Amino acid sequence: MSAERLATDPVTAARRLLGAQLTGRGVRAMIVEVEAYGGPPDCPWPDAASHSFRGPRPRNMVMFGPAGYLYTYVSHGIHVCANVVATYDGVPGAVLIRAAAVEDGVDVAHSRRGAVVTAALARGPGNLCSALGITMADNGIDLFSDASPIRLTLGEPHTAMSGPRVGVSTAADRPWRFWLPAYPEVSAYRRSPRAPAPGLSD
DNA sequence: GGTAAGATCAGC
DNA sequence: CTGATCTTACCT
């Protein structure tokens, strides 16, 4: 069971997810950009930017479960974003999948995204879920089960770049985003307009 | 029961 | 830079 390789701190899990294959509904893509998210103040990896920071809630329950499960949420009422749950059962942590390079099923991904898009079909967490057909109905599924419509296959370690996470208003300087160099799917960095001046947070 | 903010994206 | 669009969480 490869899920054991994700039963570790969110940063290590994030690095291990780079280069992994995510297969969903006729599309196979290699993960090229991720962000680590931790838990409440009293856990080993406190993280004010994490959805689990204020403890378990109906929405974030799966973040508190075992590693290797899918946590989805709706952002700004518009986009679905996908996380892979990390850490140990009972300790919250997750890795947001921000971008992937579509390697198989390009036509399927293309039809889901719309005619205008040419390259970078899965650039950005919302676009990625759109391309792979991931919805809120997939929240809580086991990514390592043969029965799941979305599946994950880990690969070999990669050399990664790192930097601050995109769009978060708290802990804005923490370098918990990781990506593989030279992929056009990697997002441009955008600091949240609500974040304090660089150097003053976290 | 009201309201404000948000791990986004596309179009000016 | 701004608007779209809606769920969640927190307040009264």
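If you're wondering where the values come from, they're calculated on a predicted model, not measured in any experiment. In what follows, chains carry the letters A, B, and so on, assigned in the order in which the sequence lines appear, proteins first and then strands, with residues in each chain numbered from 1.
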Item to check | Short N-O contact, A:Asp142 and A:Arg151, less than 4.0 angstrom | outcome: no

Checklist entry - Residues in side-chain contact (heavy atoms from CB on, under 4.5 Å) with A:Ala14, at least two apart? => result A:Val34, A:Ala36, A:Val95, A:Phe178

Item to check | A:Tyr73-A:His51 aromatic ring centre distance below 6.0 Å | outcome: yes

Next on the checklist: With a 4.5 Å cut-off on side-chain heavy-atom distances among I, L, V, M, F, W and Y, is there a chain of contacts connecting A:Leu132 to A:Val186?
Outcome noted: yes

Next on the checklist: Can you give me the closest heavy-atom contact between A:Ala171 and A:Asp47, atom names plus distance?
Outcome noted: CB-OD1, 4.3 Å

Checklist entry - How is the base pairing of DNA chain C summarised as a dot-bracket string, given the Watson-Crick and G-U wobble criteria with both distances under 3.5 Å, [ ] for crossing and | for another strand? => result ||||.||||||.

Item to check | For A:Val166, side-chain contact (heavy atoms from CB on, under 4.5 Å) partners two or more places apart | outcome: A:Glu35, A:Arg98, A:Arg177, A:Tyr189, A:Arg190

Item to check | Between B:dA5 and C:dT2 - P atom distance, rounded Å | outcome: 16 Å

Checklist entry - Within 45° of the six-membered ring axis of A:Phe64 and under 6.0 Å from that ring's centre, is NZ or CZ of A:Arg57 located there? => result no

Pairs: protein N or O with nucleotides 4-7 of chain B N or O, under 3.5 Å:
from  : atom 1 : to       : atom 2 : distance (Å)
B:dG6 : OP1    : A:Ser169 : OG     : 3.2
B:dG6 : OP2    : A:Arg194 : NE     : 2.2
B:dA7 : OP1    : A:His51  : NE2    : 3.4
B:dA7 : O4'    : A:Tyr37  : OH     : 3.4
B:dA7 : N7     : A:Ala49  : O      : 3.3
B:dA7 : N7     : A:His51  : NE2    : 3.1
B:dA7 : N6     : A:His51  : N      : 3.4
B:dA7 : N1     : A:Asn83  : OD1    : 2.6
B:dA7 : N3     : A:Tyr73  : OH     : 3.1

Checklist entry - Side-chain donor-acceptor pair under 3.5 Å between A:Ser130 and A:Asn127, yes or no? => result no

Next on the checklist: My understanding is that only residues two or more places apart in sequence, or in another chain, count here; which of them pass side-chain contact (heavy atoms from CB on, under 4.5 Å) with A:Phe53?
Outcome noted: A:Pro41, A:Ala48

Checklist outcome for this item: 5'-most to 3'-most nt of DNA chain C touching chain A (<4.0 Å, heavy-atom partner on protein side) reads C:dA4 to C:dC10

Checklist entry - How close do A:Gly93 and A:Pro10 get, heavy atom to heavy atom, and via which atoms? => result CA-CG, 4.5 Å

